[in-house]
Amino acid sequence: MTSLPPGSDQGGSPERPAPLLCARCGIPAPGPHPVTWICSVENGTPVHFCDTCSRENLRSIEGRLDSAWW
């Protein structure tokens, strides 16, 4: 007989993921996978930016500058 790893839940619904927030302005995403938002990996961590912030900083994004430079 195989047992589940410690701390695993045997029943109930799966946890809902935390809503995406724009790393620049903090606005929540309108859905689970907004197609107009961008995702960047900075220091090994994925960060998301809304369409407004990504448009305002397009040159910095294309120049591959970290968001700390914006």
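Under the 4.5 Å side-chain heavy-atom criterion for grouping Ile, Leu, Val, Met, Phe, Trp and Tyr, Ile27 is not connected to Phe49 through any hydrophobic cluster.
Every residue meeting the side-chain contact (heavy atoms from CB on, under 4.5 Å) condition with Thr36, not counting sequence neighbours, appears here in chain and number order: Asp51. Checked against side-chain contact (heavy atoms from CB on, under 4.5 Å), Pro28 has the following partners two or more places apart in sequence or in another chain: Leu21. For Leu58, the side-chain contact (heavy atoms from CB on, under 4.5 Å) partners at least two apart in sequence or on another chain are Glu62. Applying the side-chain contact (heavy atoms from CB on, under 4.5 Å) rule to Cys39 yields the partners Pro46, His48; only residues at least two apart in sequence or on another chain are considered.
Contact annotation: the side chain of Arg24 approaches that of Asn57 to within less than 4.5 Å [non-hydrogen atoms, C-beta and beyond]. Counting heavy atoms from C-beta outward, Trp37 and Pro30 have side chains that approach closer than 4.5 Å.
Closest approach of Ser54 to Ile61, counting heavy atoms only: O-CD1, 3.6 Å. Minimum interatomic distance between Cys22 and Cys50 (heavy atoms only, all atoms of both residues): SG-N, 3.3 Å.
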